[in-house]
Peer 1: 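Take a look at this one; I'll ask things after.
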Amino acid sequence: MKYFVVDAFVDGPFSGNPAGVCLLDGWLSDETMQNIAAENNLAETAFVVK
């Protein structure tokens, strides 16, 4: 799994709202995805399957 933190709603780095983006090979359980978001302290976390 690749995990990125992106700055949302801005034109430049180091400002705006941080959001997590997880690139997955397959879907995880809801509980696991919630735990990943909580571990990284970002409620705004997106999960994407290739």
Side-chain angles (χ1 to χ4, degrees):
M1 174 182 75
K2 292 186 178 188
Y3 181 83
F4 301 91
V5 176
V6 298
D7 294 322
F9 310 114
V10 295
D11 292 330
F14 308 115
S15 60
N17 299 333
V21 178
C22 292
L23 302 180
L24 306 172
D25 292 324
W27 289 112
L28 304 172
S29 70
D30 290 347
E31 181 181 13
T32 298
M33 290 189 287
Q34 289 175 340
N35 287 335
I36 290 169
E39 178 74 19
N40 290 290
N41 199 26
L42 289 171
E44 298 77 15
T45 301
F47 296 89
V48 181
V49 174
K50 296 180 185 179

Peer 1: Give the minimum heavy-atom separation between Ile36 and Asn40, together with the two atoms involved.
Peer 2: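 That closest heavy-atom pairing would be O-ND2, 2.9 Å.
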Peer 1: Leu24 and Val48: same hydrophobic cluster, using ILVMFWY side-chain contacts below 4.5 Å?
Peer 2: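 Leu24 and Val48: separate clusters.
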Peer 1: With a 4.5 Å limit on heavy-atom distance, are the side chains of Glu44 and Asn17 in contact?
Peer 2: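 They are not in contact (no side-chain heavy atoms under 4.5 Å apart), so the answer is no.
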Peer 1: Please report the closest heavy-atom contact between Cys22 and Tyr3, naming both atoms and the distance.
Peer 2: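 That would be SG-CD1, 3.0 Å.
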Peer 1: Going by side chain to side chain donor-acceptor pair (under 3.5 Å), name the residues that satisfy it together with Ser29, two or more places apart in sequence or in a different chain.
Peer 2: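 So Ser29 forms a side chain to side chain donor-acceptor pair (under 3.5 Å) with Thr32.
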Peer 1: Side-chain heavy atoms nearer than 4.5 Å, only ILVMFWY residues, links allowed to pass through others: does that put Met1 and Val21 together?
Peer 2: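 Unlinked, Met1 and Val21 end up in two clusters.
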Peer 1: I want to check something: taking the side chain as every heavy atom from C-beta on, are Leu23 and Phe47 in contact at a cut-off of under 4.5 Å?
Peer 2: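 No, too far: nothing below the 4.5 Å cut-off.
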Peer 1: For the OG1 atom of Thr45 and the CD atom of Glu39, what is their distance to the nearest 0.5 Å?
Peer 2: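 Interatomic distance, Thr45 OG1 to Glu39 CD, rounded to 0.5 Å: 11.5 Å.
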Peer 1: Output a table of donor-acceptor pairs, distance under 3.5 Å, between side-chain atoms of residues 5-16 and any protein atom two or more places apart or on a different chain; print 'none' if there are none.
Peer 2:
unit_1	atom_1	unit_2	atom_2	d
Asp7	OD2	Phe14	N	2.9

